[in-house]
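First up is the structure itself, then whatever we jot down about it.
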There are 2 protein chains.
Amino acid sequence: MLNDLHQRKRSRQREKILEVVKSTKIHPTADWVFHEVRKEMPNISLATVYRNLNQLVESKDISEVLSDGQLHFDANKDDHFHFICRSCNGIFDIEEKRVESPDFKLPRGYKVESVKMDFYGVCPNCQAKE
Amino acid sequence: MLNDLHQRKRSRQREKILEVVKSTKIHPTADWVFHEVRKEMPNISLATVYRNLNQLVESKDISEVLSDGQLHFDANKDDHFHFICRSCNGIFDIEEKRVESPDFKLPRGYKVESVKMDFYGVCPNCQAKE
DNA sequence: CTATGTGCAAAGTGTTTGCAAATTT
DNA sequence: AAATTTGCAAACACTTTGCACATAG
């Protein structure tokens, strides 16, 4: 495992992986990224994808979202929450400023450093189909 | 996999498992429950623990909490959120009514059915130690 | 008696790691 | 040249499944 004492060298692979994650809003899994990157780098291995996704999380270029017990990745660096559709399983970004009342006060004693909020329901697209 | 068409028969194992989950506030993993139940039922298998925890989730006697990429189980049936301490990794229940402003409005079109909110930070106990 | 539940071992899924060769600085 | 990164395969951690026997209703 890499830690902060190591230097980081660039690699074509990591740059491509970041590019791929940035290119989509679907909050892809490692496996999706792997297949996507493979189209242009047929020899890349899944291990490399995992290693680089982890590094990119560590360097805060991307973040992780847990859904379905799987890790999904997100290159959107603005503060936001997620809406998870129970019909299509899609993960949608909800900008923080579009959520009314996102200020919380917890019971005394708990020092809150961050809040993770996920909304579950049916997305506009799936509602239209129902 | 069991579905709703099946009858459910009682089993000593399932009852013990529920009792164990109810006995603690630590939001245990399947493995913790397994070892705990094993103290009184030395022959129980981990598979049985998993199967029954899943059934208990299905019957809404308990719920799942995802943390550290592992499933934790929670017998607290009141609406509540979780506070996850980055120091001791403990999961603490925060009653919904103790959270100010837990009413959200999302952008038009998203039909919200539930909200999952996790707070991250340092719990009172760990702050005292720092 | 029949259906569900159990224990065991094996399989599954998603992710990480050890290593020698390749690449980056 | 020295250190990091890669691809591969093997290992890992957690969870689920197939099956023959046991148990509940």
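Order of the sequence lines fixes the chain letters, A, B, ..., with proteins taken first and strands second; residue numbering starts at 1 for each chain. Computed from heavy atoms alone, side chains included, the values below leave out hydrogens, waters and symmetry copies.
A pairwise comparison of heavy atoms in A:W32 and A:V20 identifies CZ3-CG1, 3.8 Å as the closest pair. Annotation for A:S67 and A:I91: closest pair CB-CD1, 3.9 Å, computed over non-hydrogen atoms.
With rounding to whole Å, A:N52 atom CG is found 8 Å from D:dT5 atom P. Here C:dG14 presents its P atom at 16 Å from CG of A:N54, a figure rounded to the nearest Å. Computed from coordinates, the A:W32 CH2 to C:dT15 P distance equals 16 Å when rounded to whole Å. Counting to the nearest Å, the P atom of D:dT17 and the CG atom of B:L53 are 15 Å from each other. Put simply, NZ on A:K16 is 16 Å from P on C:dT24, counting in whole angstrom units. Here the C1' atom of nucleotide D:dT5 and the OH atom of A:Y50 are 19 Å apart, to the nearest Å. Distance CZ (A:R8) to C1' (D:dT6): 15 Å, rounded to an integer number of Å. Per the geometry, CD belonging to B:Q13 stands 14 Å off P belonging to D:dA22, to the nearest Å.
Which of C:dC8, C:dG5, D:dT4 sits closest to the side chain of B:R51 comes down to C:dC8. Among D:dC14, D:dT5, C:dG5, the nucleotide with an atom closest to any side-chain atom of B:Q70 is D:dC14. Nearest nucleotide to the A:A47 side chain, out of D:dT4, D:dC14, D:dC8: D:dC8. Of the candidate nucleotides C:dT15, C:dT24, D:dT17, C:dT24 has the atom lying nearest to any side-chain atom of A:R12. If you check D:dG7, C:dG14, C:dC8 against the side chain of A:N43, the one that comes closest is D:dG7. When the nucleotides D:dG7, D:dG25, D:dT4 are ranked by their closest atom to the side chain of B:K9, D:dG25 comes out on top. In this structure, the nucleotide among D:dT15, D:dT5, C:dT6 sitting nearest to the side chain of B:L46 is D:dT15.
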Run the side chain to side chain contact (heavy atoms under 4.5 Å, CB included) check on B:R10 and B:E15 step by step: do they pass? CA-CA 8 Å; B:R10 292 191 173 176; B:E15 272 154 25; 3.1 Å; yes
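Contact check, A:S45 against D:dT6: no side-chain N or O comes under 4.0 Å of OP1 or OP2. The side chain of B:S11 contributes an N or O atom lying less than 4.0 Å from OP1 or OP2 of C:dT6.
Nearest-nucleotide mapping onto DNA chain D: of A:V49 and B:R10, the residue sitting toward the 5' end is A:V49. Between A:R38 and A:R14, the residue anchored nearer the 5' end of DNA chain D, judged by the nucleotide with its closest heavy atom, is A:R14.
With salt bridges taken as basic N to acidic carboxylate O contacts below 4.0 Å, none links A:E19 and A:K22.
In summary, the side chains of A:D61 and A:S59 do present a donor paired with an acceptor at a separation below 3.5 Å, with no hydrogens or angles considered.
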